[in-house]
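Take a look at the structure below.
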There are 2 protein chains.
Amino acid sequence: MAKTSATIRDVARAAELSVASVSRVLNGKDNVHPDTRERVLEAVRALGYTPNAAARSLSTARTHALGVVLPDLHGEFFSELMRGIDRAASAHGYFPLLSSMHADGVLAGQAMAAMRGRVDGLLVMAPQLDAADLAAALPTGLPTVLVNCQGEDRHHAFRVDNRAGVRLMVEHLLACGRRNIVHIAGIEDNLDASERRDAFSEVMAELAPDQPARILQGDFQEATAGRLVQELLADDVPFDAIFAANDMMALGALQALREAGIDVPGRVAVAGFDDVPLARFLSLSTMRVDIDGLGARATERLIEEMEGRADAPAFERLTPGLMARGTTQASN
Amino acid sequence: MAKTSATIRDVARAAELSVASVSRVLNGKDNVHPDTRERVLEAVRALGYTPNAAARSLSTARTHALGVVLPDLHGEFFSELMRGIDRAASAHGYFPLLSSMHADGVLAGQAMAAMRGRVDGLLVMAPQLDAADLAAALPTGLPTVLVNCQGEDRHHAFRVDNRAGVRLMVEHLLACGRRNIVHIAGIEDNLDASERRDAFSEVMAELAPDQPARILQGDFQEATAGRLVQELLADDVPFDAIFAANDMMALGALQALREAGIDVPGRVAVAGFDDVPLARFLSLSTMRVDIDGLGARATERLIEEMEGRADAPAFERLTPGLMARGTTQASN
DNA sequence: CTGAAAGCGCTTACAG
DNA sequence: CTGAAAGCGCTTACAG
């Protein structure tokens, strides 16, 4: 009933023991007499005592929190990633502490610095920072794991294997009999966008060297892709497949084609990347990226590092899976 | 270069000042000589010093973190809510500390207790807990704001105004000339589901007392709604509109109608609730719930409470907006 | 098995 | 304007 919550001293007093004994019981040490344990537990219950986390952190230099630094994310990607992170974190008794980050490198550094003393480790996703800015922003001496970051080899890093994903999709399109595939690239300076674009060129050169491999500059936006497809049609450019760098652009392309009365997939196949929930509804073929799994694995690795049982930092690629659906169905 | 990070003592030593002066500068107090300030700032820079948050929390009894306790959420709802929370929190210098919560009332209480000393306030969303379990789980003495929780009047609470939303949609359907509206309710024991169901009955009784107001028991699942519509068709039940308690069920209904060759909206109008991103794509008419705004407003209110400048706890209803789209378009 | 005491890194009256 | 010192609530050698 006290205005301010009970402390360990109150518990000690109530149990007629020292704070040391209370602390031992609370931390599950085995060098306590059963009777002592009982009295402590009883007092804890009676007072509704919960240890003060800040005091504990100060003593132990551990916070049981882990910092999650993310760009300003929308939608499914964010929720799935957090889902994986949260699942892994809570399984090990950690809380995720969130910090959104804006594009500016200096601000990013401040955001991460502000987490010092608040977290035992950092999970950073910063696709918008170049290697130098990222290196400058990362705090030293704090276990850190990177997701979707550019060239940084002092920390363990996770990325989607865009190359493998693009290869799977191109193979699928070729297997469906497509011969004239147009790639709509994502926004410039984005790592995923450029990896997917480059992989498209290379895989096409390898698997179908005699066929065109046209690339249009998109920006991951649905409307832009729709416009690009309209231009393609207006210019009478021949093509029998659109492979967009993400699902939203694939959907934009799909709508533009349907509005133009083009049969999909009869005349043109459409494919995307990401497997957003919409894709399933609209029968869009795409590459499934296991974002939840990515978040969980990155978190597991971070916790291993925080608890000093991690291997040397490495670079992990997660391969997406092909989801072949209606928009690329072979017509024969 | 020290293995362990610099402390305020290191800064004081480097600047040849007391820790008190360093602390004053760091906290922006004005009773410091400009030269002193300069020397401190210089030393901070040289040592790359960042104050230890746990120590600061222990001294000030403030953490600058706020606990966010959520059920196991998926998708857009979660990301939009977190977006709003994060925006408001970071605008005031707070970090969101996340904790997912499972259905069990006792576990929920433990999750919240574990946040004691870690956060200055709590934002709780627990639609699955009844009033008694919720009251038992909430820690005392911590500023708390509720979102989508059942009857609890000691704390400020936010909810979507389901009643107003249902009324808007029913008015719209009637205005479109629909006369035989079927409501597919959400899962039993869910607060939103029952509010929407009850509102449907009442609004229909008020605005169209002579017309049928059939209600089918759904469960918020797409497949279930599809099945219910098939049954309706098989039984030859007459209806010219389906108003589902959420968008996913509306989509299930939509698919079932189309598969049965029924003209939408020519013969049957379809409407949902939530405005998920899919709704826009599929031209589904629905009620738009501003989740991002909900998160932000709840957070603002929590911070006001934490900083002792809040009004008395109240109950706030956020009215959703009508998104009239293709599936209910008047055919005349 | 238990307790007295030091220490974690800050902030903040208090005295000057 | 500045510094010495107490105190925030814990944990953990250390001595017994």
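For the numbers below, each heavy atom of this structure counts, side chains included, while hydrogens, waters and symmetry mates do not. Chain letters run A, B, ... following the sequence lines, proteins first, then strands; residues in each count from 1.
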Worksheet item: Hey, does the side chain of S90(A) reach the backbone of D86(A) with a donor-acceptor pair shorter than 3.5 angstrom?
Response: yes
Practice prompt. Check every atom of dA4(C), dT2(D), dT11(C) against the side chain of A20(A) and return the nucleotide holding the closest atom.
Written response: dA4(C)
Worksheet item: In whole angstroms, how far is the C1' atom of dC1(D) from the CD atom of E38(B)?
Response: 17 Å
Fill in: Shortest side-chain distance from I8(B), nucleotide among dT11(D), dC1(D), dC10(C)
dC10(C)
Discussion item. Return the pairing partner of dG16(C) with a 3.5 Å limit on both distances, Watson-Crick or G-U wobble; otherwise return none.
Written reply: dC1(D)
Worksheet item: If you measure from the Lys or Arg side-chain nitrogens to the Asp or Glu carboxylate oxygens, is any gap between E316(A) and R159(A) under 4.0 Å?
Response: no
Discussion item. So, OP1 or OP2 of dT2(D): does either fall under 4.0 Å of a side-chain N or O from T36(B)?
Written reply: yes
Fill in: From dT2(D), dT11(C), dT2(C), nucleotide with atom closest to R24(B) side chain
dT2(D)
Discussion item. Does this structure show an ion pair linking R317(A) with E195(A), if we count only N-O contacts that are shorter than 4.0 Å?
Written reply: yes
Worksheet item: Do any side-chain nitrogens or oxygens of R56(A) fall under 4.0 Å of OP1 or OP2 in dT11(D)?
Response: yes
Practice prompt. Name the nucleic acid region contacted by L26(A), choosing base, sugar-phosphate or nothing; use a 4.0 angstrom heavy-atom cut-off, strictly under.
Written response: nothing
Discussion item. Without decimals, in angstroms, what is the distance between R9(A) CZ and dC10(D) P?
Written reply: 10 Å
Worksheet item: Looking only at side-chain N and O atoms, does S23(A) come under 4.0 Å of OP1 or OP2 in dC10(D)?
Response: no
Worksheet item: With a 4.0 Å cut-off on heavy atoms, is D30(B) in touch with a base, just the backbone sugar-phosphate, or nothing at all?
Response: sugar-phosphate
Item to complete: Whole angstrom is fine here: how far is it from CD in E16(A) over to P in dG3(C)?
Response: 11 Å
Fill in: Between dT12(C) (C1') and R62(B) (CZ): distance, integer Å
16 Å
Discussion item. dG3(D), OP1 or OP2 - any side-chain N/O from S21(B) closer than 4.0 Å?
Written reply: yes
Worksheet item: In whole Å, what is the span from the CG atom of L47(A) to the P atom of dG9(D)?
Response: 14 Å
Discussion item. Roughly how many Å apart are dC14(C) and dC10(C), using the P atom of each and rounding to a whole number?
Written reply: 24 Å
Discussion item. I want to verify a distance call: between dC10(C), dT12(C), dC10(D), whose nearest atom is closest to the Y49(A) side chain?
Written reply: dC10(D)
Discussion item. Both K29(B) and A54(B) contact DNA chain C. Taking the nearest nucleotide for each, which residue is further toward the 5' end?
Written reply: A54(B)
Worksheet, complete the sentence: Comparing nearest nucleotides in DNA chain D, the 5'-proximal residue of the pair L58(B), V32(B) is V32(B)
Fill in: Side-chain (N148(B)) to main-chain (M125(B)) donor-acceptor, under 3.5 angstrom
no
Discussion item. Distance check, P atoms only: dT2(C) and dA6(C), in whole angstrom units.
Written reply: 23 Å
Worksheet item: Base, sugar-phosphate, or nothing for N52(B), non-hydrogen atoms under 4.0 angstrom?
Response: sugar-phosphate
Discussion item. If you count every heavy atom of other residues, nucleotides or ligands that lies below 6.0 Å from D189(A) atom CG, does the total exceed 12?
Written reply: no
Worksheet item: Toward the 5' end of DNA chain D, which comes first, S59(B) or R39(B), by nearest nucleotide?
Response: R39(B)
Worksheet item: Atom CG of N31(A) and atom C1' of dA15(D): how far apart are they, to the nearest Å?
Response: 14 Å
Discussion item. Once you apply a heavy-atom cut-off of 4.0 Å, does S57(A) come out as touching a base, just sugar-phosphate, or nothing?
Written reply: nothing
Worksheet item: Around R9(A), counting heavy atoms of other residues, nucleotides and ligands shown, do more than 12 lie under 6.0 Å from its CZ?
Response: no
Discussion item. Can you measure R37(A) atom CZ to dT2(C) atom C1' for me and round it to whole angstrom units?
Written reply: 14 Å
